Amino acid sequence: MITMEDIVREGHPALREPASEVPLPPSAEDNDTLKQMLDYLQNSQDPELAEKYGLRPGIGLAAPQINVKKRMIAIHTMDEQGKQHTYALYNPKIISHSVEKSYLTSGEGCLSVDRSVPGFVPRNARIRVKAADIDGNPVELRLKGLLSIVFQHEIDHLNGVMFYDHINEEEPFAQPEQATPVE
Ligand SMILES: CNC(=O)c1cccc(C)c1Nc1nc(N2CCN(c3ccccc3Cl)CC2)nc(N2CSC[C@H]2C(=O)NC)n1
């Protein structure tokens, strides 16, 4: 079971190194790791389990955050319409994106960052992603809103990018150009 001890924090080299493509079909080990990442998110959103195991809640997790330098991400979140979205993917790649930007009006948090970093994180409003699902089958996703933001945050981790790298240093709350806020 993944707990907070397994999550590396800022300063750990794994967060600043590019992660490697996962050979498909996935090995039993990679499959198990990805399942455990998804379990973490689901456990972290259960008040009892989160309390019992001291889990910080998250809606996205990337393998480099557990010191596995492989291109694997897990996402488990509710969207604006209250619909549950669960993804466990290998080798996600953004193949196209909107010119329009968007950002979380409350800023972003990260399980590997034990501090609040205020500011808007400008992201592409809509993205098209190609990846492989947990069984290694190809998937193509068109994402917008919160899901688009979470996917970009997690794919950034595969490229050694942290959310605060995108925050405008001079004016953290400057309204990003051509952007629609996501509450
Ligand atoms: C500095 N201000 C803030 O953090 C921030 C502050 C307010 C609102 C938002 C919206 C903020 N921003 C933000 N809030 C989240 N959560 C909201 C609470 N939630 C959660 C909490 C408890 C139970 C169940 C759940 Cl579900 C867990 C997820 N998550 C992310 N991110 C950025 S993309 C990856 C994702 C992630 O999983 N981070 C750990 N950002």
Side-chain angles (χ1 to χ4, degrees), residues 15 18-19 21-22 24 26 34-35 37-46 56-65 70-113 116-169 171-183:
L15 293 175
E21 287 266 312
V22 174
L24 299 175
L34 188 49
K35 281 192 175 124
M37 288 166 57
L38 189 52
D39 287 345
Y40 176 87
L41 297 175
Q42 292 164 337
N43 295 341
S44 78
Q45 295 176 23
D46 174 316
R56 227 189 100 190
I59 52 180
L61 188 66
Q65 293 182 274
K70 295 185 177 181
R71 303 185 79 81
M72 301 162 46
I73 63 170
I75 285 157
H76 185 67
T77 185
M78 207 77 100
D79 68 12
E80 292 91 328
Q81 284 71 35
K83 184 170 179 289
Q84 188 67 51
H85 294 273
T86 300
Y87 294 98
L89 300 170
Y90 302 103
N91 310 323
K93 184 172 172 49
I94 297 174
I95 55 171
S96 70
H97 62 78
S98 58
V99 169
E100 189 187 359
K101 300 285 180 243
S102 73
Y103 59 95
L104 286 180
T105 54
S106 311
E108 294 189 11
C110 180
L111 296 172
S112 297
V113 179
S116 173
V117 185
F120 293 149
V121 180
R123 300 255 186 215
N124 300 311
R126 291 175 303 286
I127 57 174
R128 219 146 58 99
V129 172
K130 271 196 174 162
D133 68 14
I134 190 118
D135 303 314
N137 303 313
V139 291
E140 182 171 324
L141 304 165
R142 290 168 184 269
L143 305 162
K144 63 183 188 322
L146 174 64
L147 266 180
S148 171
I149 287 170
V150 180
F151 263 77
Q152 291 174 76
H153 178 114
E154 302 314 328
I155 292 172
D156 268 354
H157 275 308
L158 305 181
N159 300 319
V161 174
M162 301 292 283
F163 73 89
Y164 44 72
D165 297 346
H166 299 288
I167 296 174
N168 180 326
E169 275 181 29
E171 215 189 323
F173 290 100
Q175 170 78 19
E177 292 275 305
Q178 291 178 287
T180 46
V182 174
E183 300 299 327

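Note that the structure is predicted; figures quoted are calculated from it, not measured.
- Note that CD of Q81 and NZ of K83 are 9.5 Å apart. Values are rounded to the nearest 0.5 Å.
- Between E108 and Y103, the side chains place no donor N or O within less than 3.5 Å of an acceptor N or O (distance only, hydrogens not considered).
- Ion pairing of E140 with R128 is present here, as a side-chain N (NZ or NE/NH1/NH2) and a carboxylate O approach within less than 4.0 Å.
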Problem set entry | Stepwise side-chain contact (heavy atoms from CB on, under 4.5 Å) check, L34 with V22 | CA-CA 11 Å; L34 188 49; V22 174; over 6 Å; no

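- Other residues, nucleotides and ligands place no more than 12 heavy atoms under 6.0 Å from the CD atom of E177.
- Not counting sequence neighbours, the partners of E183 by the side-chain contact (heavy atoms from CB on, under 4.5 Å) test are T105, P181.
- Taking CG of L41 as the reference point, atom CG of D46 lies at 13.0 Å (rounded to 0.5 Å).
- Nearest heavy-atom pair, V121 versus F163, reported as atom, atom and distance to 0.1 Å: CG1-O, 3.7 Å.
- Side-chain N or O atoms of Q152 include one that pairs as donor or acceptor with a backbone N or O of N124 at under 3.5 Å.
- For S98, there are no side-chain hydrogen bond (donor to acceptor under 3.5 Å, both in side chains) partners at least two apart in sequence or on another chain.
- Distance check, rounded to the nearest 0.5 Å: NE2 of H97 to OG of S148 gives 10.5 Å.
- The NZ atom of K93 sits 12.0 Å away from the CG atom of L158 when rounded to the nearest 0.5 Å.
- Of all non-hydrogen atoms in A88 and L38, the two that sit nearest each other are CB-CD2, 4.2 Å.
- Taken from CG in L89 to CG in D133, the straight-line distance is 7.5 Å, to the nearest 0.5 Å.
- Although no hydrogens or angles enter the test, the distance criterion places a donor-acceptor pair under 3.5 Å between the side chain of D165 and the main chain of M162.
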Exercise. What's the verdict on side-chain contact (heavy atoms from CB on, under 4.5 Å) for T77 and L147, showing C-alpha distance, side-chain angles and the deciding distance?
Worked result: CA-CA 8 Å; T77 185; L147 266 180; 3.7 Å; yes

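- Contact detail for I73 and A62: the closest heavy-atom pair is CG2-CB, 4.1 Å.
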Problem set entry | L146 vs H85, side-chain contact (heavy atoms from CB on, under 4.5 Å): CA-CA, chis, key distance, verdict | CA-CA 11 Å; L146 174 64; H85 294 273; over 6 Å; no

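- Between atom CG of residue L15 and atom NE2 of residue H157 there is a gap of 6.5 Å, rounded to the nearest 0.5 Å.
- In this structure, H153 and R123 have side chains that are in contact, with non-hydrogen atoms separated by less than 4.5 Å.
- No side-chain heavy atom of F151 sits less than 4.5 Å from a side-chain heavy atom of I94.
- Contact record, F173 with P118: CZ-CB, 3.8 Å, taken as the closest heavy-atom pair.
- V129 and P92 get closest at one heavy-atom pair: CG1-CB, 4.2 Å.
- Remark: the backbone N or O of D39 is paired with a side-chain donor or acceptor of N43 at under 3.5 angstrom.
- When all heavy atoms of A174 and F120 are compared, the pair lying nearest together is O-CD1, 3.5 Å.
- In this structure a side-chain-to-backbone donor-acceptor pair under 3.5 Å is present from Q45 to H76.
- In this structure, the side chain of R126 does not engage the main chain of K144 through any donor-acceptor pair within 3.5 Å.
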For this session: Check the pair R56 / Y40 against side-chain contact (heavy atoms from CB on, under 4.5 Å), numbers first and verdict last.
Result: CA-CA 10 Å; R56 227 189 100 190; Y40 176 87; 4.1 Å; yes

